[in-house]
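Here the structure is laid out as structure tokens; the discussion comes afterwards.
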Amino acid sequence: MNFVKRAGTSLRARKSKAAALLSVFVVLCTLLLGGFLLQGATARQEAEVQRRVGVDVTVRGEGLTRRLADRLGGSERVHRYNPVLSLRAGARGFAPLRSEGGGSDGAGAGDGEQPAVALNGVRDFGLLLPFSYGSARITAGRGVAPGDADRDVVVVEERLAAKNGLAPGDTLRLASADGERTVSATVVGVFRDPAPDPARWTPSYELPGNLLYVPVRTAERLGAGASEVREAVFRIGAPEQAEGLHSAAERLLGGGDFDFRVNDKAYRDQVRPVQRVGAFAELIVWLVAVAGALILGLVVLSQTRERREELGVLLSMGERKWKLVGQLVVEVAAVAVPAVFLAVLIGRVAGGPAGDALLPRAADEPAAHPETAPAPVDPPQLRAGAVDVGRVAGIALGISLVATVVPGVGILRLHPRSILATDT
């Protein structure tokens, strides 16, 4: 009889033992599939953390201009960037806040007195630390966005807005320090700065309520063409990319002295739990593969010993030993294949709850410190794809081959006469 047909007959005759072997295989395949799904999900979540949280690099130094910051921000490793250009400006048509006490503090520029307000030219409001960690926040409208680069918009503090009745959509006129240039900017947002007003007299441009945010190019026009920025923040995907960004900054700044600071605490706080889950998943795969081969090897060895008489009869009838080993391989493989599909069904049912339980979820609330201000990143779902199923099937068949071939070495040493003599 063909050994493949004989394997099918043997499985039908030993239904209870085949069912027990199937149960063992289902457990092994489910654990293998779970390990692969966790590995894939953690890889996707780590990539999402890189995209949404990333690592903030702050560059400060002489010669850092808006154009150089744009060039550095155009690097493929940079996701977002924000140069900050600080200057003073005068007020036209609105009244800036004034400090209590004495002192000379003019409301405009060009009359021999100091400018009335402070401007921060920015590109991406979301990279400003006071707003990213929650000490300051937008109360109406929005902040300055990269799309505002060629527009004249302004974000004002709520104390200045309350004094002048300003709201998003209103127009604010700002003057350069020398009073020769004016810009009409549209108010797009109002923010709240928790810093209190100073107790003693302070120049108006140092009052927290007189700080305004405008696009960098608007600030350049009011600053008589000044383009040297105070600092630039670049968001990259991972700490390992900081070295490449440092080299690029060094080339652009001519190798001069500059301050290069990497703030990766928020990234590491979110990536490390994900990486631990990924390492755990990899350990599961290795342990299941090794333990599965050992367990199934012992099961097949036990069944081989129980079938010594059957094997002796077949050998006495002239059956070749490799066909007996082949029969055992087919029997185990025939059980492994349906076990893979049962594992996939279990994975579809349990994938959602398992993902929520095992994969870490990012904090939804802003942290109290700038280093721990993550954007919310939800854990991805555990879904079995064709690649995962193929890997599980390959390992399952490999385990079945190892678990049968190794005990099958003993079959090659059998002699039918000694087997039948022992059994009788």
Side-chain angles (χ1 to χ4, degrees), residues 65-67 69-70 73 80-98 106-111 114-132 135-195 204-227 229-233:
T65 64
R66 188 261 303 171
R67 289 181 174 82
D70 288 343
R80 300 167 62 183
Y81 69 99
N82 182 54
V84 179
L85 174 60
S86 299
L87 67 150
R88 302 170 190 172
R92 292 289 186 269
F94 70 96
L97 300 173
R98 293 181 179 276
D111 54 359
Q114 296 189 11
V117 296
L119 293 183
N120 272 348
V122 298
R123 179 181 184 272
D124 191 339
F125 223 68
L127 293 182
L128 292 171
L129 289 182
F131 294 89
S132 64
S135 65
R137 63 186 182 89
I138 294 288
T139 58
R142 61 175 179 85
V144 177
D148 296 321
D150 296 322
R151 301 175 56 200
D152 292 325
V153 298
V154 62
V155 180
V156 301
E157 210 275 335
E158 64 177 5
R159 282 167 285 192
L160 181 66
K163 181 176 181 178
N164 293 273
L166 298 173
D170 293 340
T171 300
L172 203 64
R173 293 181 64 219
L174 300 168
S176 61
D178 56 14
E180 295 182 357
R181 293 169 303 281
T182 60
V183 170
S184 295
T186 302
V187 177
V188 294
V190 178
F191 72 94
R192 176 179 298 166
D193 188 336
S204 65
Y205 56 83
E206 294 184 4
L207 294 176
N210 283 337
L211 176 61
L212 288 73
Y213 290 94
V214 296
V216 178
R217 292 181 183 176
T218 301
E220 286 179 340
R221 293 205 306 275
L222 289 172
S227 59
V229 300
R230 185 184 72 201
E231 66 180 23
V233 178

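Considering CD1 of I138 and OH of Y213, their distance stands at 9.0 Å, rounded to 0.5 Å. Interatomic distance, L85 CG to R66 CZ, rounded to the nearest 0.5 Å: 9.5 Å. Remark: R217 CZ to D152 CG distance equals 11.5 Å, nearest 0.5 Å. A distance of 12.5 Å separates CG in L87 from OH in Y205, rounded to the nearest 0.5 Å.
For the 3.5 Å distance criterion, the side chains of R92 and T182 fail to qualify, holding no donor opposite an acceptor.
At least one donor-acceptor pair closer than 3.5 Å links the side chain of D178 to the backbone N or O of E180. Proximity of a side-chain donor or acceptor of N210 to a complementary backbone N or O of L97 within less than 3.5 Å is detected. Remark: the backbone N or O of R181 is paired with a side-chain donor or acceptor of S176 at under 3.5 angstrom.
The minimum heavy-atom distance between V190 and E157, with the atom names listed, is CG1-C, 4.2 Å. For the residue pair K163 and R98, the shortest heavy atom distance occurs at NZ-N, 4.3 Å. Closest approach of P208 and A195 over heavy atoms only: CG-O, 3.6 Å. The heavy-atom pair separating D124 from Y81 by the smallest distance is CB-O, 3.7 Å. Here the closest heavy-atom approach between residue T65 and residue V229 is recorded as C-CG1, 4.1 Å. For the residue pair R123 and P83, the shortest heavy atom distance occurs at CB-CD, 3.7 Å.
The shortest side-chain heavy-atom distance between V155 and V188 falls under the 4.5 Å cut-off. At a threshold of 4.5 Å between non-hydrogen side-chain atoms, the residues L174 and F94 count as touching. Side-chain atoms of T186 and R151, non-hydrogen and from C-beta on, never get closer than 4.5 Å to each other. No side-chain heavy atom of L160 sits less than 4.5 Å from a side-chain heavy atom of L207. Between L212 and V156, the closest side-chain pair of non-hydrogen atoms falls below 4.5 Å.
Between F191 and F131, the ring-plane angle classifies as perpendicular under the 30° and 60° cut-offs.
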Using the rule given for side chain to side chain contact (heavy atoms under 4.5 Å, CB included), can you reason through L128 versus V84, listing the C-alpha separation, both sets of side-chain angles and the distance that settles it, and then say yes or no?
CA-CA 9 Å; L128 292 171; V84 179; 4.3 Å; yes
